[in-house]
Amino acid sequence: MSKSNTNLSDPNLYINREQSWLAFNERVLEEAQDKTNPLMERLKFLAITASNLDEFFMVRVASILQNESNIPDMAGLTPEAQIAAISTRAHEMMTKQYNCFTRSLVPAMEKEGIRILSYRDLDAAQKKHADLYFNDVLYQVLTPMAIDQSRPFPTLNNRTVNIFIEMAAHETVPVRTVEWLDAEGRWRIVEDSGGGPLYAVVQVPTVLPRIVKLPSKEGQHHYILLENIILAHIDRLFLGHTVTRTGLFRLTRNSDLNIDEEDTDDLLDEMSRQVKGRRWGYPVRIEVSKGMGKAAMRLLTRTLDMNTDKIYELNGPLDLTSWMSFAASKEFSHLRNIPKPPIPSPDFINKPSMFDVIKRRDVLVHHPYMSFDPVMRFVQEAAADPGVLAIKQTLYRVSGQSPIISALIQAAENGKQVSVLVELKARFDEENNINWAKLLEKSGVHVIYGLVGLKTHCKVCLVVRQEEDAIRRYMHLSTGNYNEATAKIYTDTGYFTCRETFGQDASNLFNVLTGYSKTTDWQKFAVAPASLRLTFLRLINDEIAYVKSGRPGEITAKLNSLSDGEMIRALYAASQTGVKIRLLVRGICCLRAGVPGVSENISVSSIVDRYLEHNRIFVFGGGGVPKVFLSSADWMSRNLDRRVEVLFPIEDLDLQREIIGELELSLADNIKRRVQKPDGSYVRVGRRGRAAVHSQIDRHSKLAERYADATDRERFGF
């Protein structure tokens with residue numbers, strides 16, 4: 001294939017976004033299947049794949065189903081073709097999930113004395129415990145919901161496990177049997193004689209633990225699922241009738257919010273209303289237990305308007321996400337990875353003022369290898385410092401008990417000017433953010449909800465401080481959220497600086513977010529949606545120019561996702577010119593690496609490990625002087641065009657080497673790294689007799705050594 005004649009828009013050069021995401025989830029599933037991982041880590045990974053798949057159906061599949069056009073994506077698939085391909089692959093994936101659970105994880109747990117029992121397998125003491133639990137707790141909570149012409153099929157919450165019950169009526173009770181809703185929304189009567197089957201639904205309560213601990217001998221850990229206790233006592237809920245068949249099912253509903261911000265007078269109220277309605281979205285998937293009766297299946301599918309492609313018949317307990325908390329139980333700590341406690345930042349050891357440290361030098365912090373404490377301390381010190389005049393911060397996702405929120409409230413109470421942009425549209429964190437926004441406003445904080453039509457996804461905290469010589473601006477910029485909980489499991493990089501040019505850009509950014517400023521004259525930042533895409537394209541074109549002038553061109557980028565067509569075409573063009581491109585892409589990658597004549601100079605790697613790879617790092621290495629950047633943005637259309645994102649340079653040479661070293665370590669990983677093949681599949685990197693390189697573990701070790709060296713210097717004064 002001639003490079004000059006290659007059509008870089010050819011659909012064969014692209015991988016469908018949804019298929020690429022499913023491939024990523026399969027890589028996570030491989031970690032659950034990997035017997036070299038500790039048992040409870042495997043169970044955790046399995047639960048993650050289930051949670052990921054839930055969100056995929058609630059958002060991505062729901063979005064495609066709402067797409068009324070027949071326009072193909074850049075990989076050539078129409079919405080209808082995408083749904084068909086998703087159904088095939090998702091069915092295969094869920095079969096693999098349940099094979100992993102029933103054939104591998106359950107037997108492995110039993111070898112450790114951990115047994116999930118059915119009611120009939122309980123001994124006398126355990127049966128007594130289960131009976132008492134039903135009588136004293138469950139019976140008071142359960143609500144049997146009959147289905148007939150006066151009581152239509154209930155509207156069931158999203159992602160809840162439900163029991164479908166078929167029963168025979170008592171001989172003395174005449175019934176009118178009904179089957180499904182007619183076109184007017186009523187039940188159609190198909191039989192008018194007594195004695196026909198009756199139907200009902202019971203929702204398994206979400207307010208109680210799904211996995212119930214049973215009394216057991218020392219060294220044994222026995223459990224029973226909540227639904228199995230209910231099923232053992234189901235007749236108690238339908239006195240006068242004989243239950244003839246039961247089955248379990250679970251609905252996944254559309255949870256994508258559709259807000260018309262321009263026609264909304266009060267975004268906070270509108271978001272609150274839509275978040276509450278999310279649980280009632282239309283069904284996009286139904287999971288059913290194996291052996292569900294034909295009558296039940298017919299009623300469910302017709303009532304819920306579900307075709308067979310949306311039905312997933314599963315051989316095992318529904319809702320594998322329930323095992324996440326089980327895998328985290330303290331009693332199973334010996335079956336998980338040995339913890340790697342976060343390391344304190346050596347730059348702030350025994351330093352009474354962070355501002356004094358940052359004034360002298362720029363500082364990087366690497367989470368979760370290093371503690372998140374400096375980030376929280378930065379805001380807390382600013383809140384208490386008499387010299388601080390103002391704090392401005394963006395918040396995308398924060399924890400449920402956020403110390404940063406508390407510090408911002410304290411700062412406002414101390415009389416400082418505090419402005420916070422709370423992104424209400426952070427998916428599945430909307431309710432949490434709404435609550436924080438209301439609390440901040442009540443405390444005197446100036447709260448902004450962002451720009452119409454854009455999500456504010458950048459992570460910036462600006463502190464304005466009056467000092468003896470002048471007013472100085474201190475900043476924390478990051479690739480990750482201001483969330484101390486996720487900072488323990490997401491790899492992210494934070495940057496502290498008080499460089500004046502950065503301070504001017506940060507002030508301009510907040511003027512854009514809070515007012516009517518249309519600043520485009522950024523000194524150091526590139527900001528989406530105005531300039532970020534153009535900046536990336538210019539940097540790629542610079543590497544092409546280096547190669548054409550006889551110098552080497554090289555791009556190394558670490559991302560969560562790569563799906564933007566224009567960015568992929570630019571990378572293809574760079575590869576054709578001879579630019580060497582190494583990509584670390586955790587999740588979606590619509591680019592095909594290694595295609596002759598197009599992308600033979602591009603490699604794509606993906607790491608799935610104990611921590612979620614989350615930081616975005618970009619190194620443009622041509623011309624002999626590397627340019628190093630950090631960002632909150634992936635190479636996705638939404639990040640480049642529909643979000644407020646920031647790309648910022650790292651100019652300190654030592655810090656540049658630190659970041660490049662991190663990338664090189666990841667690219668050398670031969671334990672958890674997988675490499676993309678031209679067909680879009682991924683294969684593990686083989687060691688081939690080389691020493692093991694486990695990048696996440698080795699990264700922690702290197703930073704621990706650095707901290708030890710710093711504490712030695714502090715202790716001995718050298």
Side-chain angles (χ1 to χ4, degrees), residues 11-34 45-67 70 72-104 159 250-256 283-288 290 301 306-316 318-321 560-563 585-593 604 606 608 636 674-684:
N12 293 316
L13 296 178
Y14 300 88
I15 301 167
N16 169 258
R17 170 178 167 159
E18 276 58 55
Q19 292 298 303
S20 182
W21 183 90
L22 288 165
F24 157 67
N25 209 39
E26 286 168 356
R27 297 196 292 277
V28 181
L29 181 56
E30 286 176 7
E31 293 300 309
Q33 297 166 327
D34 187 347
F45 277 115
L46 184 67
I48 290 171
T49 68
S51 178
N52 287 348
L53 207 54
D54 280 353
E55 184 172 338
F56 177 72
F57 272 93
M58 290 189 293
V59 178
R60 290 304 306 167
V61 173
S63 175
I64 297 170
L65 287 171
Q66 292 180 92
N67 186 351
N70 200 39
D73 71 342
M74 63 184 178
L77 294 181
T78 63
E80 184 179 359
Q82 290 182 58
I83 290 297
I86 288 168
S87 177
T88 298
R89 195 160 184 175
H91 274 88
E92 293 172 355
M93 181 182 298
M94 294 186 74
T95 298
K96 290 177 184 177
Q97 286 177 323
Y98 277 84
N99 285 342
C100 177
F101 182 78
T102 58
R103 298 181 184 180
S104 184
R159 295 189 293 171
R250 179 177 184 259
L251 298 178
T252 310
R253 297 182 178 275
N254 170 29
S255 296
D256 204 15
V284 293
R285 177 182 60 165
I286 179 169
E287 300 162 81
V288 300
K290 206 165 187 67
T301 53
M306 303 284 278
N307 59 37
T308 54
D309 288 346
K310 296 177 183 176
I311 300 169
Y312 293 77
E313 189 175 26
L314 304 170
N315 186 23
L318 303 188
D319 189 11
L320 293 175
T321 66
N560 288 218
S561 299
L562 168 56
S563 63
V585 186
R586 185 195 79 224
I588 297 167
C589 182
C590 297
L591 173 150
R592 292 188 189 274
V604 175
S606 176
V608 178
M636 302 179 76
R674 297 163 176 84
V675 177
Q676 189 206 68
K677 298 167 67 176
D679 65 359
S681 64
Y682 286 76
V683 294
R684 284 185 183 269

Point to revise | Smallest separation among heavy atoms of Ile64 and Pro79, with atom names | key: CG2-O, 3.6 Å
Review point. Donor-acceptor pair, Ser681 side chain versus Lys677 backbone, under 3.5 Å?
Key: no
Study note, to complete from the structure: d(Arg674 CZ, Phe24 CZ) to nearest 0.5 Å is 10.0 Å
Practice item. Look at atom CZ of Arg684 and say whether more than 12 heavy atoms of other residues, nucleotides or ligands are closer to it than 6.0 Å. Key: yes
Check your understanding: Do any N or O atoms from the side chain of Ser606 and from the backbone of Val604 form a donor-acceptor pair under 3.5 angstrom?
Key -> no
Review point. Closest approach of Asn315 and Tyr98, non-hydrogen atoms and distance?
Key: O-CD2, 3.8 Å
Check your understanding: Of all heavy-atom pairs between Ala62 and Asn254, which one has the smallest distance, and what is that distance?
Key -> CB-OD1, 3.2 Å
Practice item. Please tell me if the side chains of Asp319 and Arg159 come closer than 4.5 Å, counting only heavy atoms from C-beta onward. Key: no
Review point. Considering only heavy atoms from C-beta outward, does the side chain of Ile86 approach that of Gln19 to under 4.5 Å?
Key: yes
Review point. What's the spacing between Gln82 CD and Arg60 CZ if we round to 0.5 Å?
Key: 8.0 Å
Check your understanding: Less than 4.5 Å apart, any side-chain heavy atom of Met74 and any of Leu13?
Key -> no
**Study point:** Shortest non-hydrogen contact from Cys590 toward Ser20
**Key:** N-OG, 4.4 Å
Exercise for review: Output yes when a side-chain donor or acceptor of Ser87 lies under 3.5 Å from a complementary backbone atom of Ala84, and no otherwise.
Suggested key: no
Check your understanding: Are Asp309 and Ile83 side-chain neighbours, meaning at least one heavy-atom pair lies under 4.5 Å?
Key -> no
Point to revise | Side chains of Gln97 and Leu53 in contact at under 4.5 Å (non-hydrogen atoms) | key: yes
Exercise for review: Evaluate the side-chain proximity of Met93 to Asn25: yes if any heavy-atom separation is below 4.5 Å, no if none is.
Suggested key: yes
Point to revise | From Thr95 atom OG1 to Glu313 atom CD, the distance as rounded to the nearest 0.5 Å | key: 10.0 Å
Practice item. Any chance you could lay out the side chain to side chain contact (heavy atoms under 4.5 Å, CB included) test for Leu314 and Val288, step after step, and finish with the verdict? Key: CA-CA 6 Å; Leu314 304 170; Val288 300; over 6 Å; no
Review point. Which pair of non-hydrogen atoms, one from Ala32 and one from Cys100, has the smallest distance, and what is that distance?
Key: O-SG, 3.7 Å
Review point. For Val585 and Cys589, which heavy atoms make the closest approach, and how far apart are they?
Key: CG1-CB, 4.0 Å
Review point. Roughly how far apart are Ser563 OG and Glu18 CD, rounded to 0.5 Å?
Key: 9.5 Å
Review point. Any salt bridge between Arg89 and Glu26, counting N to O under 4.0 Å?
Key: yes
Revision key, fill the gap. The ring-ring contact (aromatic ring centres under 6.0 Å, His included) partners of Tyr312 (sequence neighbours excluded) come to Phe57, His91
Practice item. Drop me the distance from Thr308's OG1 to Ile286's CD1, to the nearest 0.5 angstrom. Key: 12.5 Å
**Study point:** Beyond-backbone contact of Arg285 with Asp54, side-chain heavy atoms, under 4.5 angstrom
**Key:** yes
Check your understanding: Hey, are the side chains of Asp73 and Tyr14 touching, using non-hydrogen atoms and a 4.5 Å cut-off?
Key -> no
**Study point:** Spacing of Leu320 atom CG and Met94 atom CE [to the nearest 0.5 Å]
**Key:** 7.5 Å
Point to revise | Thr252/Met58 under side chain to side chain contact (heavy atoms under 4.5 Å, CB included): CA gap, chis, key distance, verdict | key: CA-CA 7 Å; Thr252 310; Met58 290 189 293; 3.5 Å; yes
